[in-house]
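Please read the structure below before turning to the comments.
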Amino acid sequence: MVQTRRSTAAPAPPTLTSSDTFPECFSKRRKAVSADESEHTAKSPAQKKRKKAEDEPLTEDFPVRVSSPWKIGAHVSAAGGVENAVRNAAMVGANAFALFVKSQRKWDSPPFSAENVNAFKGRMREFGYLPKHVLPHGSYLVNLGNPDEEKRQKSFDCFLDDLQRCEQLGLELYNFHPGSTVGQATKEESIILIAECINDAHKETKYITTVIENMAGSGNVIGSRFSELKGIIDHVEDKTRVGVCLDTCHAFAAVSTSFTALQALYRVFRDTISRQKMDGISAFDTEVGLSYLKGLHLNDSKAALGSKKDRHENIGLGHLGIATFRHIVSDPRTRDIPLILETPTFEATDIWTKEIAALNCLSNLVEDSEIPETELSLLNEITSLVRSHTANKTEKASKARARK
């Protein structure tokens, strides 16, 4: 789930002129503009068209993204047009991204214009993003497990509209929260209702894969247990078009307190620890199957193990710790799927830039001897940045109260 601390307004592009923005293990590079290109730009009539967007950065103004099999990114803003999500992702150095394809808190939204769709597809090509590395997030209003037929139909209509929007944009995946019994049905009954909605949606769309997110386990919500996710999948007719997105914070919050923090996460993501084989396979592979793993949400947790609370924290600053994320972004089984940050930004995207660069750095470590020092260095960098933005936020709040 995307944390509400993040602004829905389009984020201002971060200033990327300091080498401090990236860890030492990755040097930040820019695409150079040749003298011929500069001269051509100066003479071109197309320059007039740029007056309407003088502050809009050019492709060469963006940081060159790290080449890595682990596709790390963030849930970025699509404010001002869905096409803006692509540039917002590129501006923070993301190799994958998530977005809302319409307002996540309204039942109805205006349809995409042809200009929106064409601009989105054009920017996907311009910045080299593949559809399989984009993981749109569903509406918070949708509850496909609601036993009330009228309310469930309203949710289904919103759900289907999102899927159709994704196909308009040429995207392949759609991540959503499975739903709740609202205390008026058994979980088994709601699981069947969710699967029926997925089946109906598949019949009214062409190819989109519906990706079920695991949940933190509060109240009557479905999806905190792998057996519940598997139950939904078992009732889906076209199993080539269904998958799972694992949220690290949700998994941590939902597990039994009889496990330690690392054991809980390793059950989900790894059957190796510190590159040494362990007996058995992960709980997810056992109960659901790794072929269904279509993406991850990378979030540390403010709340304790087994708390059932969905409280995201910045990477390394919560109960999971930075070592957990190093294991995730170095596991071969998490390659080539979207690994999406939903961590707090304090309305400042440079935090995501730092976290993405840090995770890319961790995935690139080869020597075990480098690990402790590198982890500590990256953690200090993230901590410093978060503290700075926290202080700024507190100062602004104090000034606002003083003016009243």
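For clarity, every value in this text was computed on a predicted model and none was experimentally measured. Counting begins at 1 with the first residue of the sequence.
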(request) Could you tell me how the ring of His297 sits relative to the ring of His137: parallel (under 30°), tilted (30 to 60°) or perpendicular (over 60°)? (result)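 Correct class here is parallel.
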Under 3.5 Å: donor-acceptor pair, side chain of [X], backbone of [Y]:
X      : Y      : value
Asp331 : His327 : no
Asn364 : Asn360 : no
Glu167 : Lys206 : yes
Asn84  : Ala79  : yes
Asn175 : Leu135 : no
Thr205 : Tyr207 : no
Ser388 : Ser384 : no
Lys309 : Gly306 : no

Identify, with sequence neighbours excluded, every residue that meets salt bridge (charged side-chain N to carboxylate O under 4.0 Å, His left out) alongside [X].
X      : result
Arg152 : none
Lys230 : Asp234
Lys399 : Glu395
Glu228 : Lys187

Looking at [atom1] of [X] and [atom2] of [Y], how far apart are the two atoms once the value is rounded to the nearest 0.5 Å?
X      : Y      : atom1 : atom2 : answer
Leu379 : Ile382 : CG    : CD1   : 6.5 Å
Thr343 : Leu317 : OG1   : CG    : 9.5 Å
Asn214 : Leu246 : CG    : CG    : 5.0 Å
Leu320 : Cys249 : CG    : SG    : 7.0 Å
Ile351 : Leu385 : CD1   : CG    : 5.0 Å
Asp300 : Thr248 : CG    : OG1   : 7.0 Å

(request) Verify whether one side chain among His133 and Asp336 offers a donor that lies under 3.5 Å from an acceptor in the other. (result) yes
(request) Return yes if a side-chain donor-acceptor contact under 3.5 Å exists between Thr383 and Asn380, otherwise no. (result) no
Would you say the side chain of [Y] lies within less than 4.5 Å of the side chain of [X], judging by non-hydrogen atoms?
X      : Y      : value
Glu237 : Lys203 : yes
Arg326 : Leu365 : yes
Leu171 : Arg165 : no
His312 : His250 : yes
Glu313 : His319 : no
Asn146 : Ser155 : no
His389 : Asp350 : yes
Glu375 : Leu362 : yes

Taking all heavy atoms of [X] and all of [Y], pick out the closest pair and write down the distance.
X      : Y      : value
Val82  : Leu169 : CG2-CD1, 3.8 Å
Lys294 : Val242 : CE-O, 4.2 Å
Ala303 : Phe252 : O-CE2, 3.4 Å
Tyr129 : Ala94  : OH-O, 2.7 Å
Arg241 : Ile208 : NE-O, 3.0 Å
Ile232 : Ala195 : O-CB, 3.7 Å

Once side chain to side chain contact (heavy atoms under 4.5 Å, CB included) is applied, do any residues pair with [X], and if so which ones, sequence neighbours excluded?
X      : value
Ser227 : Arg225, Glu287
Ala253 : Ala216, Ser307
Ala98  : His75, Ile340
Glu188 : Thr186

(message) For a side chain to side chain contact (heavy atoms under 4.5 Å, CB included) check, start with the C-alpha distance between Val86 and Glu126, then their side-chain angles and the critical distance, and finish with the verdict.
(response) CA-CA 9 Å; Val86 186; Glu126 178 185 2; over 6 Å; no
(message) How about CZ on Arg335, more than 12 heavy atoms from neighbouring residues, nucleotides or ligands closer than 6.0 Å, or not?
(response)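 More than 12 within 6.0 Å, yes.
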(message) Quick check on Lys151: does its NZ atom have over 12 non-hydrogen neighbours (other residues, nucleotides or ligands) under 6.0 Å away?
(response) no
(request) Can you sort out the partners of Phe112 under ring pair (Phe, Tyr, Trp, His ring centres under 6.0 Å), two or more places apart, ordered by chain and number? (result)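 Residues passing ring pair (Phe, Tyr, Trp, His ring centres under 6.0 Å) with Phe112: none at all.
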(request) List in chain and number order the residues that pass ring pair (Phe, Tyr, Trp, His ring centres under 6.0 Å) with Phe120, two or more places apart in sequence or in another chain; answer none if no residue qualifies. (result)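 If we apply the ring pair (Phe, Tyr, Trp, His ring centres under 6.0 Å) test to Phe120, skipping adjacent residues, there are no hits.
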(request) Applying side chain to side chain contact (heavy atoms under 4.5 Å, CB included), run through Val182 and Asp148 and close with a yes or a no. (result) CA-CA 10 Å; Val182 298; Asp148 184 299; over 6 Å; no
(message) I'd like to know whether the aromatic ring centres of Phe226 and Tyr292 sit less than 6.0 Å apart in this structure.
(response) no
(request) Write out all pairs satisfying ring pair (Phe, Tyr, Trp, His ring centres under 6.0 Å) with one or both partners inside residues 141-166, taking only residues at least two apart or from two chains. (result)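 Non-adjacent pairs meeting ring pair (Phe, Tyr, Trp, His ring centres under 6.0 Å): Phe159-Tyr174, Phe159-Phe176.
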(request) With Arg65 as the cation and Phe127 as the aromatic partner, state whether NZ or CZ is under 6.0 Å from the six-membered ring centre and within 45° of the axis. (result) no
(message) So if I apply the side chain to side chain donor-acceptor pair (under 3.5 Å) rule between Asn299 and each of Asn314, Asp310, Asp247, which one comes out positive?
(response) Asp247
(request) Please step through side chain to side chain contact (heavy atoms under 4.5 Å, CB included) for the pair Gln153 and Asp157, ending with a clear verdict. (result) CA-CA 6 Å; Gln153 183 63 47; Asp157 291 342; 2.8 Å; yes
(message) Run Val76 and Thr349 through side chain to side chain contact (heavy atoms under 4.5 Å, CB included) and show every step you take.
(response) CA-CA 9 Å; Val76 296; Thr349 55; over 6 Å; no
(request) For residues 91-104, pull every pair meeting salt bridge (Lys or Arg N to Asp or Glu O under 4.0 Å), keeping only residues two or more places apart or in separate chains. (result) Lys102-Asp161, Lys102-Asp162
